[in-house]
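Structure first, commentary second.
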Amino acid sequence: NAGTVSTQGIFSDGINADAYGDVTITVTGDVSTAGQFSTGIDAYARTGGITINTANISTAGDFADGVYANGFAPVSVTTGDIQTQGAFSRGVYAYSYNDRVTITTGNISTDGDFATGIQGEAYTDLTIVQTGTLNTAGNGSDGIFGYSSTGNVSITAGNITTAGLSSDGIVGVADQGNVTIGSGSIGTTGDQAFGVVAVSDGTTNVDVGAVTTAGNNAIGIYGYAGQTVDIDVDSVGTGGANAAGVLAIQGNLSTPAGTP
C-alpha cells in the first residue's frame with residue numbers, strides 16, 4: 001500500500017514489485033515519474049496473479065509505461081487517469097501467460113511514438129473498460145489493442161482519437177473466441193490508421209458512434225469473423241485513398257492494404 005509516489009531519475013520506477021507468487025498493489029495517491037525507463041507501476045508475478053488498484057499516473061520519459069503488469073495467473077489493473085510523454089511509453093500494458101486479463105481505466109493520453117493507450121494480452125478472456133477520453137499522438141500508437149489466444153475479447157471505451165501513422169483507434173483480436181467492441185466516437189488522422197479492427201474465429205460484434213479517418217489506407221471499420229460479423233455504427237467518414245468506410249468479411253480472411 002502506498003500514498004503519493006514521485007521519482008525524478010532514470011531507471012526509477014514509481015513502484016516495482018517482482019514475486020514468484022501473487023502481487024497486490026494499492027495506491028491511494030498519484031504516481032509520477034520523470035526519467036527514462038521509469039514506469040509508474042511495474043509488476044511481475046512469475047507463477048501467480050497481479051492485482052493493481054491505483055489513482056492517477058503520469059510519466060515523462062521514454063520507455064516509461066504508466067502501468068506494466070506481467071503475470072502467470074489472472075491480471076487485474078484498475079487506474080484513474082494516465083498520461084505518458086515519451087516514446088515506447090504505453091498507458092497500460094497488462095499480460096497473463098495462462099489466464100484472464102481485466103483492465104479498467106479513466107482518461108488516457110500518450111504523446112510519443114509506439115505509445116499505445118491500453119494494450120491487453122490474455123491467454124483466456126480479456127476485458128477492457130475505458131471511460132472518458134483516450135488520445136494518442138505518436139506513430140504506431142493504437143488507442144486500444146486487445147488480444148486473446150483462447151478466449152473472448154471485450155472492449156468498451158469512451159471517445160478515442162489518434163494522430164499518428166499506423167495508429168488504429170481500437171484493435172480487438174481473438175484467435176479462438178469472440179470479439180465485442182463498443183465505444184463512443186473514434187477519429188484517426190494518420191495513414192494506415194483504421195478506426196476499428198475486429199478479428200475473431202467466432203463472432204465479431206462492433207457497436208460504435210461516429211468513426212472518421214483522414215489518411216490513406218485507413219479503413220473506418222474492418223470486421224472479420226469465422227462465424228458472424230455484426231457492425232452497428234452511427235456514421236462513418238473516410239478521407240484518404242483505399243479507405244473503405246466499412247469492410248466486413250465472414251469465413252474467408254482477407255487482409256486489405258493497411259491492416260495491422
Side-chain angles (χ1 to χ4, degrees), residues 62-63 65 84-93 108-121 126 128 130 133-148 153 155 157-175 179 181-201 204-225 229 231 233-250 252-260:
D62 295 338
F63 301 96
D65 294 336
T84 71
Q85 295 177 302
F88 301 95
S89 298
R90 298 162 294 194
V92 175
Y93 174 80
I108 291 183
S109 174
T110 72
D111 188 1
D113 291 340
F114 308 105
T116 292
I118 301 171
Q119 183 173 345
E121 301 179 17
L126 169 68
I128 297 173
Q130 183 271 326
T133 61
L134 193 160
N135 306 310
T136 72
N139 296 325
S141 301
D142 295 337
I144 298 175
F145 178 90
Y147 170 77
S148 171
V153 171
I155 299 172
N159 299 320
I160 295 175
T161 62
T162 73
L165 174 72
S166 299
S167 298
D168 301 322
I170 299 176
V171 178
V173 179
D175 280 349
V179 169
I181 294 174
S183 78
S185 64
I186 298 173
T188 73
T189 58
D191 290 344
Q192 299 176 2
F194 289 28
V196 177
V197 176
V199 177
S200 79
D201 183 56
T204 294
N205 292 279
V206 177
D207 187 353
V208 295
V211 175
T212 59
T213 71
N216 296 324
N217 303 314
I219 291 171
I221 299 174
Y222 172 70
Y224 165 80
V229 181
I231 296 174
V233 57
D234 288 350
S235 64
V236 179
T238 69
N242 193 27
V246 177
L247 178 58
I249 298 171
Q250 182 274 324
N252 183 17
L253 181 60
S254 176
T255 306
T259 302

Practice task
With R90 as reference, evaluate D142, D111, D62, D65 under the salt bridge (charged side-chain N to carboxylate O under 4.0 Å, His left out) test and give the passing residue.
Solution key: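 Result: among D142, D111, D62, D65, D65 is the only option passing the salt bridge (charged side-chain N to carboxylate O under 4.0 Å, His left out) with R90.
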Problem - Interatomic distance, N216 atom CG to N242 atom CG [nearest 0.5 angstrom] - result: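 Reported value, rounded in 0.5 Å steps: 8.0 Å.
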Practice task
Could you tell me whether the side chain of Y222 reaches within less than 4.5 Å of the side chain of I249, counting heavy atoms only?
Solution key: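 Yes, side chains in contact.
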Handout entry: Residue pair Y147 / Q119, side-chain heavy-atom distance below 4.5 Å
Key =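 No - every pair of side-chain heavy atoms lies 4.5 Å or more apart.
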Answer yes or no: is there a donor N or O on one side and an acceptor on the other, between the side chain of [X] and the main chain of [Y], under 3.5 Å?
X: T238; Y: A243; value: yes
X: S167; Y: G140; value: yes
X: N135; Y: S109; value: no
X: S141; Y: G112; value: yes

Problem - Qualifying residue, where the test is side-chain contact (heavy atoms from CB on, under 4.5 Å) with I186 and the options are T213, I221, V196, V236 - result: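 Only match with I186 under side-chain contact (heavy atoms from CB on, under 4.5 Å): V196.
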Handout entry: Criterion side-chain contact (heavy atoms from CB on, under 4.5 Å) against T110, the qualifying member of I118, T84, T116
Key =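 So, applying the side-chain contact (heavy atoms from CB on, under 4.5 Å) to T110 and each of I118, T84, T116, only T84 qualifies.
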Exercise for the section: For T161 and N159, run side chain to side chain contact (heavy atoms under 4.5 Å, CB included): C-alpha distance rounded to whole Å, both residues' side-chain angles, the deciding distance at 0.1 Å, then the answer. Expected result: CA-CA 7 Å; T161 62; N159 299 320; over 6 Å; no
Practice task
Could you tell me which residues satisfy ring-ring contact (aromatic ring centres under 6.0 Å, His included) with F114, sequence neighbours excluded, listed by chain and number?
Solution key: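 F88.
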Handout entry: D191/N217 under side-chain hydrogen bond (donor to acceptor under 3.5 Å, both in side chains): CA gap, chis, key distance, verdict
Key = CA-CA 6 Å; D191 290 344; N217 303 314; over 6 Å; no
Practice task
Sequence neighbours left out, what passes side-chain contact (heavy atoms from CB on, under 4.5 Å) with S148? Give chain and number order.
Solution key: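 For S148 the side-chain contact (heavy atoms from CB on, under 4.5 Å) partners, ignoring immediate neighbours, are V153.
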